[in-house]
Amino acid sequence: MAYRVIHYINQFFGGIGGEEKADIAPEVRDGVAGPGMGLAKLLGDKAEIVATIICGDNYCVGNQEEVGKFIVDTLKKYNADALIAGPAFNAGRYGMASGFACSAAAAAGYTTLTGMYPENPGVELYKANTYIVPTTDSAAGMGKALPVMAALFAKILSGEKLGTAEAEGYIERGVRINTFYEEVGAERAVAMLLKKIKGEPFTTEYKMPVFDRVTPRPGVKDLSKATIALVTSGGIVPMGNPDHIAASSARNYGGYEIDGVTDLVSGKYQTAHGGYDQTYANQDPDRVLPVDVLRDLEKEGKIGKLYHTFYTTVGNGTAVGNAKKWGEEIGKQLKDNNVQAVILTST
Amino acid sequence: MASIVPISQSVGANRIIPTVAIPHPLGNPTLDEKGEKALRRKLVEKALDALHTDVKEQTVF
Amino acid sequence: MQANFTAGADTPKQICFFCDGDALQVLVAARDLIHMGWKLVHHPLYGNYRPHQQPYRSILLQREAENSGLSHEQNPTQDQSLNPAYQCLAPDPASLQLIEAALDVYRADRVLNPQQVPDVMLRDCSQLDYELMRLPLEQAGWEAA
Amino acid sequence: MNLELHKVAVRQLAFGAKTGVSNGVLTVNKEELKALLLKDDRLAAVEFDLAHPGDSTRIMPVKDAIEPRCKLEGQGEVFPGFIGPVESVGSGKTLVLEGMAVLTTGRLVAPQEGIVDMTGPGAPYTPFSQTCNLVVVLTPREDIKLHHAEETCRMAGLKTAHYLASQCKAAKADHTESYDFPPLTQAMQAYPGLPKVAYVYMLQSQGLLHDTWVYGVDAKRTLPTLISPTETMDGAIISGNCVSACDKNNTYVHLNNPIIKALYKRHGKEINFVGVVITNENVTLADKQRSSSYAIKLAEMLGVDAAVISEEGFGNPDADLVLNCVKAEKAGIKTVLVTDEYAGANGASQSLADSCQEGNAVVTGGNANETIVLPPMAKVIGDIGQADVIAGGFFGSKRPDGSLEVEIQAILAATNELGFSKIGAYTI
């Protein structure tokens, strides 16, 4: 008896349109659409794609409660057993939408799987909730992605116990699963110690989280000609926090124009950061983001220019993967606009 | 520019300027406005000096 | 936390805040104090209870007596800037790392609120919290009643 | 120092006229034992019950588990400072009733736990589903302080275990194990080519219901020190620990420390097991710095190449585990850490409340937050009302059909941090 599966794709792969259609609400069509055809063939008699949900990436990311309900209702309506989404490759919002769709279905007890490029932000956000198969960064890799997704999906559906990410070919989800080993823990510990003493390779049963190193850049030769940008994790945002950057476990960052602004004053700027007493930053946001002093230095010719945009997020329990991703994106923005140096302030 | 140097070191920052306190890294509410701006200027100038300097490894200025 | 610890002659000037709400509020108040330079006397996750098992949490902090930075009645989470005695010293890195780790644990779990707890358990939890705080209080100069 | 353990196998328990063991059956005279325990007037009442592997029986909340032992020859008596005098133990001959355990239960404090299921899905998570259990149901007097109530229950368990063993001194051992622990001068020269290994044995010491005793001394009040592994086999270390069931070391696992067993197994073949350093986990930061530095200094004085470090409990002691690890590795001592994890019900949260780069070799007893449904049992011994306020469980963990939905944190020794069981975890 083939498992009944719903396939989730975005407006582009659903043939409705590109960026301009990213705001369409979710709709469902019987049978397969887009990459679903390839998947259906590969799944063969093990599973049948009974319907396809097509939803605009912006709509999904912006209306998660509604889209989540739509997905679960569709799964119920079609009496489905599982949901497969994407693959999204390196499309950021499509990756987040696919991850979210699987997350919503998994929360309602359904088996789920999707596929995307390992650097896609959707991975960090949703890998704990669903299996994700690594794909190339562009749709050119569709031919390679679908067979891997179909094979793993069939294995999960069959209820077979999965091994580690390395063995089965999915992205490590960082989820700890209990198991009963051959030996008692004490034996495993002493055996591991012997390998460590002899310098032989061993696999720790739990990896402590650690950070990597970056090689330092050379100094800026002439500051009086340099454009300097301000970036902060202290959460300084325009009044009202327009991009709703969360007080902890932030999911986004903001970039705000400060041309003509010579001082951050209370009532115009505030802090969105939930990790410290906000009194002092709200009284004078310069205490976190020194715009006033840098404007003086700019006027006195000590620095070439204060870059017109400052970037900000809330560094409070932020997922490391997200912070890394944003750092790369902001860095690229500044480099493309020939900024020579950045002052990073944090609280 | 951060108030807890060991944390900046552990995450791999290469040029680190220790600042005043977490709730107000570049200020101090107990100073008057002029005093606080002077403090902030001193810290930012230290940051510019650090940007100007070549460093081979993580350095606290 | 029952207050039958008496302040000895050489007990440093002490300020006691009771936070209403749950244990998470206690940790947030302690964090704000640590940002101002108060140091933890003990690990904030003392006791082997999970956030959803023990409604009480007490945090003992200390700082040199003369610039406690707080007037007696003030609750740390109220607006500090009105307080002329506001003093900020560099935060102690160890205390900061421990309170942030504790906040992570409490944010990742359901936090038990005293109102949700039957009286028989409330009395025992209060007694246990008091017992576990005995050693830190003694080491900070309080004599056990 | 040499200790022989004379192990008498017990495969069945029964109540009867005379306490004694013969061909695997331990008979217990209930009245005699009750009279012994009720000498402590802080006990209002005591009852006994039996639970054998496979019975449809649940015991909860279990406070401590103790293996019956007594000295046959040699200095002192087991459980020095409580049953025996404070004389040093760990040499001579000791009788062990193997295959059984004394489990103490009864109401002491509301938030209190420790489930042992003798059958069903919960059984594989606790070693005490495989032992024949004499369950001592204790009711301390209402009008005494919590301190005294805890002590009364702890003493009752130790007295019962010692009483049972001392009634079987004449029994012939089914097998004997011999453990040598020579003076350091000899130990250091022995097996010149083999790496010297120590065991850093962290003892829970946070306060009432979180305490451990060494020769009757509260571990909170001690500096780290050396102890012979054979002393632990005579009960030099006993548990006053009721929280939390999955990763507190009850007296049984102190007596049968699996890390000591694993190190002895390789002693003289692959390693030179030169010593055990016991240290504590006090809540104050000053004590954490003092004890971790002192303990690792002792390991350095022994000149060891490597050490196994085991933690007891979670959260607060994670800090001590990291301090011990960092200081050992900085002193050139290679370490393996044995701990357990609180990675959340979905397994995606951070397992420990502290971490260090030096901790690159870790063995764990699995994720204590894994949820399990325990079906109703025909018989429950202890205080079933506990289920609702059980640590690890949550309100409403008892279902209408009588089954319990709890985290394995509530199951006795489920994620034991000495590595007593085969349980562990891996990352998907």
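Numbers restart at 1 for each chain; the letters A, B, ... are given by sequence-line order, proteins then strands.
Listed by chain and number, the residues in a salt bridge (charged side-chain N to carboxylate O under 4.0 Å, His left out) with A:R173 amount to none (sequence neighbours excluded). Residues that satisfy the ring-ring contact (aromatic ring centres under 6.0 Å, His included) test with D:Y342, not counting sequence neighbours, are D:F314. Applying the side-chain hydrogen bond (donor to acceptor under 3.5 Å, both in side chains) rule to D:N367 yields no partners; only residues at least two apart in sequence or on another chain are considered.
Residue contact with chain A, scored on non-hydrogen atoms closer than 4.5 Å, involves the backbone of D:D354 exclusively. With a 4.5 Å cut-off on non-hydrogen atoms, D:E341 touches chain A through its side chain but not through its backbone. Interface residue D:K265: only side-chain heavy atoms are found under 4.5 Å from chain A. In this structure, chain A has heavy atoms under 4.5 Å from both the backbone and the side chain of D:A361. The contact between D:V308 and chain A is made by backbone and side chain atoms together, counting heavy-atom distances below 4.5 Å.
Comparing A:A165, A:A128, A:G174, A:A191 by how many heavy-atom pairs each has under 4.5 Å with chain D, the most go to A:G174. Interface check for chain D: of the options A:E182, A:K195, A:K198, A:E166, the most heavy-atom pairs under 4.5 Å are formed by A:E182. Taking D:L337, D:T335, D:L352, D:I271 one by one and counting their heavy-atom pairs under 4.5 Å with chain A, the maximum is reached by D:T335. Interface remark: of the candidates D:S351, D:P258, D:A306, D:S351 forms the most heavy-atom pairs closer than 4.5 Å to chain A. With chain D as the partner, the residue from A:E205, A:E183, A:M192 showing the most heavy-atom pairs under 4.5 Å is A:E205.
By a heavy-atom distance cut of under 4.5 Å, D:G419, D:F420, D:S421, D:K422, D:I423, D:G424, D:A425, D:Y426, D:T427, D:I428 are the residues of residues 419-428 of chain D near chain A, going up by number.
Taking 4.5 Å as the limit, some side-chain heavy atom of A:T204 sits within range of a side-chain heavy atom of D:V362.
We find the NZ-NZ distance between D:K334 and A:K196 to be 8.0 Å, quoted to the nearest 0.5 Å.
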